[in-house]
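A quick write-up on the structure given underneath.
Values below: every heavy atom of this structure, side chains too, minus hydrogens, waters and symmetry copies.
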Amino acid sequence: MTPSASRTWSRRGTTPVIRVRGRSQRRFSIAALCCYKPGERSRLIYRPRRHTDHKSGGRKSFAWTEYRDLLIAAHQQLDGPIVLIWDNLNVHKDHRMRAFIDATDWLTVYHLPPYAPDLNPVEGIWSVLRRTSQANTAFTDPDHLIRQLRHGLRQIQYRSDVVDGCLTATGLTLTTPHLQPQ
């Protein structure tokens with residue numbers, strides 16, 4: 001994440017400049033789920049991952065197994081079936097991920113239309129994160145960045161009204177009927 005400047009100052013006639021080193025090197029990935037259940041508070045479940053071998057040709061993003069593990073953890077934490085609305089990231093459509101989804105009875109997946117980030121509530125989470133805990137910060141090292149990311153996500157996690165606001169901003173509504181126990 002490059003730092004976003006939300007508010008800054010400088011001498012009159014001088015444009016403020018934030019210098020960022022290592023801008024093109026991806027070292028961190030974060031996967032997040034915005035969870036909504038009628039009658040309960042909204043939740044944010046996330047997993048950050050640091051990519052230590054990104055310079056030697058290693059993976060620079062989450063693998064399908066890490067998304068699988070996140071879904072299993074969410075299922076255990078939420079204690080119920082999951083209806084997942086996913087964007088069209090190539091890992092989400094991987095044949096191994098599809099096989100996992102088909103093999104589970106507690107997971108139903110729908111994909112958003114291509115190029116529709118405005119329908120994804122997690123995009124709102126990233127926007128809130130950039131405007132709050134990440135704004136006007138020049139990170140000293142990768143550990144400083146990951147500490148700030150975790151802190152910012154933890155703050156959002158405890159504010160269900162912010163997570164609800166991200167769903168509201170999409171224009172989507174919760175119309176799923178309550179599931180009856182079998």
Kindly indicate whether the side chain of [X], heavy atoms from C-beta on, has any atom under 4.5 Å from the side chain of [Y].
X      : Y      : answer
Leu44  : Cys35  : no
Leu33  : Leu71  : yes
Arg147 : His151 : no

Would you please name every residue forming a salt bridge (Lys or Arg N to Asp or Glu O under 4.0 Å) with Arg98, sequence neighbours left out? none
Suppose we screen for salt bridge (Lys or Arg N to Asp or Glu O under 4.0 Å). Which residues come up paired with Asp94, at least two apart in sequence or across chains? Arg96
Step through the shown structure and confirm whether more than 12 heavy atoms of other residues, nucleotides or ligands are within 6.0 Å of CZ on Arg159. no
Please state whether the rings of Phe62 and Tyr67 are parallel, tilted or perpendicular, taking 30° and 60° as the class boundaries. tilted
With under 30° as parallel and over 60° as perpendicular, where do the rings of Trp106 and Phe100 fit, or are they tilted in between? perpendicular
Is the terminal nitrogen or CZ of Arg68 (NZ for Lys, CZ for Arg) located under 6.0 angstrom from the six-membered ring centre of Trp64 and within 45° of that ring's axis? yes
Report yes or no: do Gln148 and His144 form a side-chain donor-acceptor pair below 3.5 Å? no
Check Lys37 with Asp79, please: is the shortest side-chain N to carboxylate O separation under 4.0 Å? no
Ion pair present between Glu66 and Arg47, side-chain N to carboxylate O less than 4.0 angstrom? no
Under 3.5 Å, side-chain donor or acceptor atoms of residues 111-120 against the rest of the protein: list the pairs with distances, not counting sequence neighbours.
unit_1: His111; atom_1: ND1; unit_2: Asp87; atom_2: O; d: 3.4
unit_1: Asn120; atom_1: OD1; unit_2: Val122; atom_2: N; d: 3.1

